[in-house]
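Throughout, protein chains are lettered first and strands after them, A, B, ... in sequence-line order, and every chain is numbered starting at 1. Reckoned from all heavy atoms, side chains included, excluding hydrogens, waters and symmetry mates.
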Amino acid sequence: MTIQDLPRHTGEPVTVTGWIATLRVHARVAFIVLRDGTGVVQGVVVKSQLPDDVWELATTLTQESCIALTGVVRADARAPGGHELTVNAIELIGASDEFPIQPKEHGVEFLLDHRHLWLRSNKQRAGLRVRAEVEQAIHDFLYERDFVRIDTPILTGAIGESAGTLFETDYFGERAFLAQTGQLYAECACPAFRKVYCFGPTFRAEKSKTRRHLTEFWMIEPEVAFADSNDNMDLQEEFVSYIVARALERCRGELEVLERDLSMLESVKPPFPRISYTEVVDRLNAEQRPFQWGRDLGAVEETTISSWFDRPVFVYNYPREAKAFYMKENPDDPRTVLCNDLLAPEGYGEIIGGSQREDDADRLLTRIREEGLPEEAYDWYLDLRRYGTFPHSGFGLGLERTVGWITGRPHIRELVPFPRLINRLKP
RNA sequence: UCCCGCGUAGCUCAGCUGGUAGAGCAGACGGCUGUUAACCGUCGGGUCGCAGGUUCGAGUCCUGCCGCGGGAGCCA
């Protein structure tokens with residue numbers, strides 16, 4: 001029997017197993033709030049109605065001890081959840097030492113040091129459940145649209161957008177790196193399956209200390225053959241809208257625990273505004289926020305841009321110098337490339353970076369050389385342009401940033417079970 | 001790497017222009033028939049991040065270092 005099923009068993013004797021969330025022991029009555037992963041229920045232990053040994057055990061219980069409670073289900077408006085259990089037997093499964101995390105405020109460092117125990121807290125459970133639902137929504141959306149999931153390697157040679165921010169490791173005497181993207185491999189699977197995606201952890205050795213950065217984060221990277229940059233943005237807005245709608249549909253309770261303002265999410269429906277980089281620069285300058293064409297947009301500019309709209313916004317076609325080597329040149333303005341970022345509202349920043357890929361072998365090679373990248377490491381990637389090249393586009397969506405935005409949490413480290421931060425590898 | 005802020009009890013914090021180290025919570029003990037982070041009483045609990053300096057005297061002022069947080073850059 002799980003706690004979520006208790007309302008259907010009012011008046012019946014049941015046994016539930018779980019962990020003690022909170023505990024209040026009085027002289028003749030004790031209240032045990034039990035959490036079993038599906039919900040919480042308050043057990044009421046009345047001394048006068050029980051054998052001495054049961055009462056004796058009840059008075060010695062501690063927070064987070066694992067127990068089995070047997071009793072009769074009863075509806076009671078005074079109980080959290082509306083139902084409670086009149087206890088007639090208690091089994092101690094695993095006693096708990098003094099639990100470090102009390103039902104009160106704690107500092108960030110302390111909580112992260114105790115992340116393995118912090119996971120049991122209400123808001124942490126709610127956030128991680130939203131994450132799990134978002135992950136499921138991602139798979140469902142793409143599966144329904146005939147995407148094939150491709151698992152890409154985590155151990156790689158030097159590839160990706162730029163070296164220098166890669167975690168290095170030893171691979172039988174050879175230098176290897178932890179993947180910072182699966183995109184190049186996903187591209188290779190396009191001619192095999194037409195629409196593919198990869199979804200896995202990615203690693204960036206950037207020394208970023210902000211609420212939007214992790215050194216290990218999960219990224220979903222769809223890649224679609226015969227899609228141009230506009231098709232790419234169409235897919236992105238449908239995708240993000242689907243994910244948000246799913247969270248609103250199935251995570252109401254969690255979002256309530258997190259005190260999320262749902263009106264900020266309900267407006268997330270296609271179409272999203274689309275504004276070109278050049279238009280952004282013009283508008284910034286018109287608003288007396290001087291900005292020189294050619295520079296990459298910074299965090300300040302991104303916040304300004306997202307304040308112009310009530311939903312996520314696409315900024316497309318950035319200057320070539322500001323973007324990665326594999327992005328396709330814009331035929332209408334060769335200073336720029338066919339790409340887009342998707343900026344989340346409320347300061348959560350870039351949740352997607354996407355582009356149409358350069359499909360011309362010569363131009364791609366030129367770009368690799370311009371960037372000073374090791375040509376020989378990309379031979380297989382260039383092969384894709386030699387053996388039946390084709391127009392294609394794709395993007396990467398940051399899972400933790402997306403879930404951070406949906407849940408409205410102050411830092412994305414809460415939306416991954418065990419965050420890896422610049423100075424945190426434990427637990 | 002740079003900028004700003006913070007390090008005091010197990011936890012969260014207060015401690016004023018320098019003058020004998022404090023509170024709440026947690027813990028132990030006692031009390032209390034329905035609590036919602038219960039409440040009331042008693043008790044134990046400290047290398048004030050580390051090192052140096054100024055001073056009769058430093059938790060407090062100065063310098064350096066270490067740790068943490070946020071931000072910039074970079075990105076999802």
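Checking the phosphate oxygens (OP1, OP2) of B:G73, no side-chain nitrogen or oxygen of A:Arg212 falls inside 4.0 Å. Within the 4.0 Å cut-off from OP1 or OP2 of B:G67, not a single side-chain nitrogen or oxygen of A:Asn423 is found. Under 4.0 angstrom from either OP1 or OP2 of B:G70 there lies at least one side-chain N or O belonging to A:His411. OP1 and OP2 of B:C75 both lie 4.0 Å or more from every side-chain N or O belonging to A:Arg204.
On the C1' atoms, B:G59 is 12 Å away from B:U47, given to the nearest whole Å. Comparing B:U17 with B:G7, their P atoms are spaced 15 Å from each other, to the whole Å. A gap of 16 Å separates the P atoms of B:G49 and B:C68, to the nearest Å. Of the P atoms belonging to B:G19 and B:G69, the separation is 32 Å, rounded to the nearest Å. When the P atom is used for both B:A14 and B:C39, the distance is 22 Å, rounded to whole Å. Comparing the C1' positions of B:C48 and B:A21 gives an interatomic distance of 8 Å, to the nearest angstrom.
Note: CZ (A:Phe217) to C1' (B:A76) measures 4 Å, nearest angstrom. Atom CG in A:Leu421 sits roughly 20 Å away from atom P in B:C75 (whole-Å rounding).
Note: A:Ile368 CD1 to A:Arg363 CZ = 14.0 Å, rounded to the nearest 0.5 Å.
Taking the six-membered ring for Trp and the full ring otherwise, the centers of A:Phe110 and A:Trp118 sit at least 6.0 Å from each other.
A stacking contact between A:Phe31 and B:G34 is absent: the pair does not combine a ring-centre distance of less than 5.5 Å to the base's six-membered ring with planes differing by less than 30°.
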